[in-house]
Amino acid sequence: VTDQIAGPNGICLSPDTGILNVSEYTGEHVWSFAIQPGSGAFHGDTYMTMRQPSDGSACKGDGMTVDTARRFYVTSAIGLQMFDATGRISGVIAKPSSSGMSNVAFSGPERKHLYATCGNAIYKRRTKAQGVWHFTTK
């Protein structure tokens, strides 16, 4: 699809599954690509800019999830970075330990519990947001 992403890592679909988002591990952006059934991903560009650590090192964008309001949550070197539907950063939840954060997902009743991995532990937080469920049951 592209070779311009600085260490592509975490991926997440938009709620309508029409956009593929890819976080950079060695850079500072989250890229978005349009998805066309039968044609794959195309027209990629930077969509979100993550906050960098104060020492200027890489953002280490990793696991990513999205809620029903199209807000994205991206694990990074400084914590869980949250972006609104327009791609603007709206906040950062600091890491619970000095270890690296690697993944995040909504789960639980109504997908209102946000789970995140940091080091060798899993953390859980109840939210007002509701995670997206991309799968259908038959």
Side-chain angles (χ1 to χ4, degrees):
V1 176
T2 185
D3 60 1
Q4 296 180 7
I5 300 174
N9 202 7
I11 61 173
C12 183
L13 292 172
S14 62
D16 64 4
T17 69
I19 302 289
L20 172 67
N21 297 283
V22 182
S23 64
E24 291 183 329
Y25 192 78
T26 57
E28 63 179 349
H29 295 104
V30 175
W31 288 66
S32 292
F33 298 87
I35 297 176
Q36 193 71 294
S39 300
F42 57 95
H43 297 306
D45 205 349
T46 58
Y47 177 51
M48 299 170 242
T49 301
M50 295 178 280
R51 289 190 182 156
Q52 288 184 282
S54 59
D55 65 4
S57 61
C59 292
K60 296 185 180 176
D62 203 342
M64 190 178 350
T65 193
V66 64
D67 68 22
T68 56
R70 300 184 60 93
R71 292 180 293 244
F72 285 88
Y73 304 76
V74 184
T75 62
S76 73
I78 63 170
L80 184 64
Q81 300 195 35
M82 297 163 290
F83 298 86
D84 68 17
T86 67
R88 291 179 301 198
I89 193 154
S90 56
V92 177
I93 298 174
K95 295 188 307 181
S97 76
S98 61
S99 298
M101 291 190 83
S102 56
N103 224 325
V104 62
F106 280 99
S107 189
E110 301 177 335
R111 295 175 309 284
K112 291 192 172 207
H113 288 93
L114 190 63
Y115 289 84
T117 56
C118 186
N120 63 354
I122 301 170
Y123 297 86
K124 173 177 130 178
R125 177 178 281 201
R126 172 99 169 132
T127 68
K128 291 181 181 180
Q130 182 177 23
V132 171
W133 182 253
H134 289 293
F135 307 98
T136 59
T137 55
K138 294 182 180 183

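This one's a predicted model, so the numbers in the text were calculated from it and none came from an experiment.
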Which atom pairs, one a donor and one an acceptor, fall under 3.5 Å between side chains of residues 104-122 and the rest of the protein, sequence neighbours left out?
unit_1	atom_1	unit_2	atom_2	d
Arg111	NE	Gly131	O	2.8
Thr117	OG1	Ser102	OG	2.7
Thr117	OG1	Asn103	N	2.9

Going through the checks in order, is the side chain to side chain donor-acceptor pair (under 3.5 Å) test met by Asn21 and Ser32? CA-CA 4 Å; Asn21 297 283; Ser32 292; 2.4 Å; yes
Taking C-beta and beyond as the side chain, do Phe33 and Thr2 meet within less than 4.5 Å on heavy atoms? yes
Where the side chain of Ser76 meets the backbone of Leu80, is there a donor-acceptor pair that is under 3.5 Å apart? no
Is it true that Ile11 and Ile5 fall in one hydrophobic cluster, defined by side-chain heavy atoms closer than 4.5 Å? yes
Just so I know, are the side chains of Val30 and Val74 near enough to count as touching, which here means a heavy-atom distance under 4.5 Å? yes
Less than 4.5 Å apart, side chain to side chain, heavy atoms only: is that true for Phe72 and Met82? no
Which is it for Asp67 and Gln130 under the side chain to side chain contact (heavy atoms under 4.5 Å, CB included) test, yes or no, and what are the steps along the way? CA-CA 5 Å; Asp67 68 22; Gln130 182 177 23; 5.8 Å; no
What I'd like to find out is whether the side chain of Ile35 reaches to under 4.5 Å of the side chain of Leu13, using heavy atoms alone. yes
Distance from Asp84 atom CG to Arg70 atom CZ, nearest 0.5 Å? 11.0 Å
So does Met101 get a backbone contact from the side chain of Lys95, meaning a donor-acceptor N/O pair under 3.5 Å? no
Residue pairs, two or more places apart or on separate chains, that pass side chain to side chain donor-acceptor pair (under 3.5 Å) and touch residues 40-60: Asp55-Ser57
Ignoring hydrogens, what is the shortest heavy-atom contact between Asp16 and Ile19? Give both atom names and the distance. OD1-N, 4.2 Å
Answer with yes or no whether the hydrophobic clustering places Val66 together with Ile89; edges join I, L, V, M, F, W, Y residues whose side-chain heavy atoms lie under 4.5 Å apart. yes
Side chain to side chain contact (heavy atoms under 4.5 Å, CB included) assessment of Met50 paired with Phe83: CA-CA 9 Å; Met50 295 178 280; Phe83 298 86; 3.9 Å; yes
Would one find more than 12 heavy atoms of other residues, nucleotides or ligands at under 6.0 Å from atom CZ of Arg126? yes
What's the separation between atom CD1 in Ile78 and atom SG in Cys59, rounded to the nearest 0.5 Å? 7.0 Å
Looking only at heavy atoms, which two atoms of Asn9 and Gly61 are closest? And how far apart? ND2-O, 3.4 Å
Do Gln81 and Val92 make a side-chain contact, defined as non-hydrogen atoms from C-beta onward lying under 4.5 Å apart? yes
For the side chain of Glu24 and the backbone of Ala6, is there at least one donor-acceptor N/O pair under 3.5 Å apart? yes
